[in-house]
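See below for the structure under consideration.
Chain letters run A, B, ... following the sequence lines, proteins first, then strands; residues in each count from 1. None of these values were measured; they are calculated from a predicted model.
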2 protein chains.
Amino acid sequence: MRQERAARIKDVARIAGVSTATVSRTLSNPDIVSEETRRSVLAAVKATRYSANVAARNLRRQQAGGVLALAPNLANPFFSEILAGMSEALAERRLNLIVADTQFGGSSQLVQYADRSRADGLLILDSRLDPALFAGAQCPPIVQVCEEIEGLQSPRVVADNAGGAAAAVAHLVELGHTRIARLAGPPDNSLTRWRDAGFRRGMDAAGLSGRGDWHLTGDFSMESGRTAAARLLALPDRPSAIVCDNDEMACGLMSALIRSGIDIPGDIAVAGFDDIELSRHLTPTLTTVHQPRRRIGREAVRQLLLAIDGADVAERTVIPCTLVPRQSTLGREALSDQAAS
Amino acid sequence: MRQERAARIKDVARIAGVSTATVSRTLSNPDIVSEETRRSVLAAVKATRYSANVAARNLRRQQAGGVLALAPNLANPFFSEILAGMSEALAERRLNLIVADTQFGGSSQLVQYADRSRADGLLILDSRLDPALFAGAQCPPIVQVCEEIEGLQSPRVVADNAGGAAAAVAHLVELGHTRIARLAGPPDNSLTRWRDAGFRRGMDAAGLSGRGDWHLTGDFSMESGRTAAARLLALPDRPSAIVCDNDEMACGLMSALIRSGIDIPGDIAVAGFDDIELSRHLTPTLTTVHQPRRRIGREAVRQLLLAIDGADVAERTVIPCTLVPRQSTLGREALSDQAAS
DNA sequence: CCGCGCCATGTAATCGGTTTCATACCAGTC
DNA sequence: GACTGGTATGAAACCGATTACATGGCGCGG
């Protein structure tokens with residue numbers, strides 16, 4: 001059994017007794033060839049196990065055959081479900097999902113990604129990228145996902161960050177809290193800003209006013225949640241509840257508070273944001289705002305495909321979030337049977 | 001400002017006053033052109049913001065410019081760090097990482113992935129795929145990662161599953177346990193088999209013998225861990241420790257045991273496998289076997305690149321694992337200050 | 001019976017690079 | 001001064017598909 005070269009369209013044409021044009025037509029648009037021709041071409045395709053050369057097709061069609069997702073840290077599980085949604089949506093259109101971790105290679109490597117021949121579209125999940133990277137005329141359509149880059153004009157698909165934060169406040173208010181603090185993310189981050197707006201909206205709706213010394217800031221890491229706990233404990237006048245800008249910080253905060261003998265939610269109720277897998281396994285389980293990540297990924301692809309096809313695209317698509325009440329606000333008894341949910 | 005077409009190599013050549021061949025040489029092999037020519041070509045490249053068309057280059061070079069990773073479920077965070085390692089290693093060679101979720105598209109879509117023109121290599125992380133998919137002569141080099149497909153001959157990069165399981169047993173033995181049970185994965189899974197071998201090796205080394213009724217089976221899900229707990233509790237003669245084939249099952253098992261009033265590790269010590277992020281946040285934190293996932297990803301790429309370059313490749317590369325002792329075997333006090341680690 | 005139009009198909013241009021082969025030039029050697 | 005060898009470069013083939021354009025045949029209306 002000799003090592004055979006892959007069949008080319010010429011081989012198929014010869015075997016089927018037609019021209020290469022007819023083979024191509026049969027495969028991409030079967031209806032326009034006659035029944036008989038179609039049969040013999042398909043037979044030849046099967047016999048030769050022909051499969052079109054992707055590079056040749058892409059060259060002629062002036063396309064790349066794939067979409068590139070730029071994420072700040074692939075190892076972060078927050079992204080994996082978004083990527084899964086993207087992969088799912090792209091598979092329907094037979095487009096590849098190419099992923100790149102923006103922390104490797106530096107901008108010298110990144111700049112070449114903004115190239116029509118490399119990707120038919122860009123899904124940007126990292127707000128720290130320089131908008132200038134995508135300014136060239138060769139840059140394919142872009143959709144920003146979750147985070148937003150100031151100064152980069154493109155459609156965005158984001159979670160309802162404001163609505164989610166407002167819902168968290170409303171939930172606490174409903175439980176009787178009036179002394180509500182906030183552990184925010186970095187001030188220049190778009191997520192922080194939207195969640196900030198939602199927090200204030202929620203407070204206003206309840207007739208409450210935020211207090212300056214109850215506004216803590218972190219950097220989305222567990223460690224920063226831990227250090228925020230120390231600042232919280234040092235306050236002369238402690239809040240009865242705190243809304244955190246993500247689950248990691250909430251987790252760090254909770255574990256530090258618990259170690260200091262604080263009861264959650266008895267002394268302080270805690271709410272997070274994102275609903276990462278971890279949240280339902282903490283002790284106590286963490287009340288948080290769920291982002292439908294798979295759906296966000298799918299929707300981002302949907303918008304990108306629209307843009308690639310030249311259709312009108314919503315400048316901003318907002319995906320609703322839902323509050324998931326758990327023990328960190330409700331207490332252990334109320335939910336003991338749902339610990340697994 | 002009119003919408004300009006991207007510059008082609010011809011344009012660069014004209015501006016620099018040389019042929020396209022010289023431009024191509026200047027960019028891919030600068031040393032073989034004269035100093036003067038190089039300068040004028042590079043100036044023209046900069047002026048036109050020229051960037052080579054990827055499809056054209058790939059077509060001529062008979063390559064794909066990327067490597068495809070096939071994973072069973074992208075949303076599973078276990079894979080994300082492996083993918084991050086792959087992405088990192090591929091970036092050095094300027095190869096794309098294309099990811100595909102094997103649960104979408106079915107095998108009709110999958111079969112076309114095994115094509116040299118689509119990917120320069122395949123990284124297979126899913127052992128449930130049909131080896132026949134990769135039997136064609138057009139199939140690019142393959143490396144199997146973590147899991148192994150029986151009947152698919154190719155290099156493999158796997159964690160030291162046997163060694164890890166043996167280390168878990170040794171750890172329990174050292175703590176004085178002699179009555180050690182096992183919660184295994186699906187019997188036909190390659191991970192289960194290797195961990196099984198390691199478990200027996202560890203037991204043998206300690207002069208212990210496994211008991212048939214202490215061998216439970218699950219499917220790697222938390223739910224199956226939960227149902228295993230019921231079977232464990234129903235045993236007339238309970239073990240003092242149990243080694244689980246992954247962390248998810250260990251997690252489900254622990255939460256069900258705790259709800260039944262069992263103390264961990266007082267009544268039963270529990271060990272897992274994988275060291276997923278969750279493990280260090282459970283209560284009690286879970287003793288488990290850490291797999292260096294990023295390194296596994298990097299190593300898999302290294303082997304694949306060797307295979308692509310036609311070099312000799314180890315048929316099997318085993319990456320060492322390390323046991324991470326935590327509260328579920330040591331008790332809470334012993335490690336209370338390390339809860340964060 | 002002519003001519004129009006449609007349908008199925010073939011011919012050949014085209015996509016944009018890389019690389020082989022040929023050539024011109026120059027320095028060094030006898 | 002002819003010859004050799006090496007270096008820098010250009011002309012053109014080539015990668016393998018898709019598709020614009022051309023063509024031939026056939027049915028049908030006038």
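Within the nucleic acid shown, A:Ala52 comes within 4.0 Å of sugar-phosphate atoms alone, with no base atom in reach, counting heavy atoms only. Among the heavy atoms of the strands lying under 4.0 Å from A:Val18 are primed sugar atoms or P, OP1, OP2 only; no base atom is included. Across all strands, A:Ser24 comes closer than 4.0 Å to base atoms (heavy-atom distances).
With hydrogens and angles left out, the side-chain atoms of A:Gln144 and A:Ser154 include a donor and acceptor closer than 3.5 Å.
Applying the 4.0 Å criterion to OP1 and OP2 of C:dT9, one finds that A:Ser34 has a side-chain N or O inside that range. When the side-chain nitrogen and oxygen atoms of B:Arg5 are compared with OP1 and OP2 of C:dG16, one or more of them lie within a distance under 4.0 Å. Contact between the side-chain N/O atoms of A:Gln62 and the OP1/OP2 oxygens of C:dG16 is found at a separation under 4.0 Å.
For A:Arg128 and A:Asp188, the salt-bridge test fails: no basic side-chain N is under 4.0 Å from an acidic carboxylate O. Remark: B:Arg193 engages B:Glu150 in a salt bridge, criterion side-chain N to carboxylate O under 4.0 Å.
In this structure, A:Asn29 atom CG and C:dT9 atom C1' are separated by 14 Å, rounded to whole Å.
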Enumerate, atom names and distances included, each donor-acceptor pair closer than 3.5 Å involving a side-chain atom of residues 73-81 of chain A, sequence neighbours excluded.
{"from": "A:Asn73", "atom 1": "OD1", "to": "A:Ala75", "atom 2": "N", "distance (Å)": "3.0"}
{"from": "A:Asn73", "atom 1": "OD1", "to": "A:Gln103", "atom 2": "NE2", "distance (Å)": "3.4"}
{"from": "A:Asn76", "atom 1": "OD1", "to": "A:Phe78", "atom 2": "N", "distance (Å)": "2.8"}
{"from": "A:Ser80", "atom 1": "OG", "to": "A:Pro77", "atom 2": "O", "distance (Å)": "2.8"}
{"from": "A:Glu81", "atom 1": "OE1", "to": "A:Arg293", "atom 2": "NH2", "distance (Å)": "3.2"}

Return a table of donor-acceptor pairs under 3.5 angstrom between the side chains of residues 12-20 of chain A and protein atoms on other chains or two or more places apart.
{"from": "A:Arg14", "atom 1": "NH2", "to": "A:Asp11", "atom 2": "OD1", "distance (Å)": "2.8"}
{"from": "A:Ser19", "atom 1": "OG", "to": "A:Ala21", "atom 2": "N", "distance (Å)": "3.4"}
{"from": "A:Ser19", "atom 1": "OG", "to": "A:Thr22", "atom 2": "N", "distance (Å)": "3.4"}
{"from": "A:Ser19", "atom 1": "OG", "to": "A:Thr22", "atom 2": "OG1", "distance (Å)": "3.4"}

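Below the 3.5 angstrom threshold, one finds a donor paired with an acceptor across the side chain of A:Arg60 and the base of C:dT14.
Each of B:Ser28 and B:Leu59 was assigned the nucleotide of DNA chain C with the nearest heavy atom; the assignment lying further toward the 5' end belongs to B:Leu59.
Using a 4.5 Å heavy-atom threshold, the side chains of A:Pro141 and A:Leu304 count as touching.
Counting 5' to 3', DNA chain D first comes under 4.0 angstrom of a heavy atom of chain A and last does so at the ends given by D:dG16 to D:dA20.
The B:Tyr50 side chain lies nearest to C:dG17 when the options are C:dA8, C:dG17, C:dA12.
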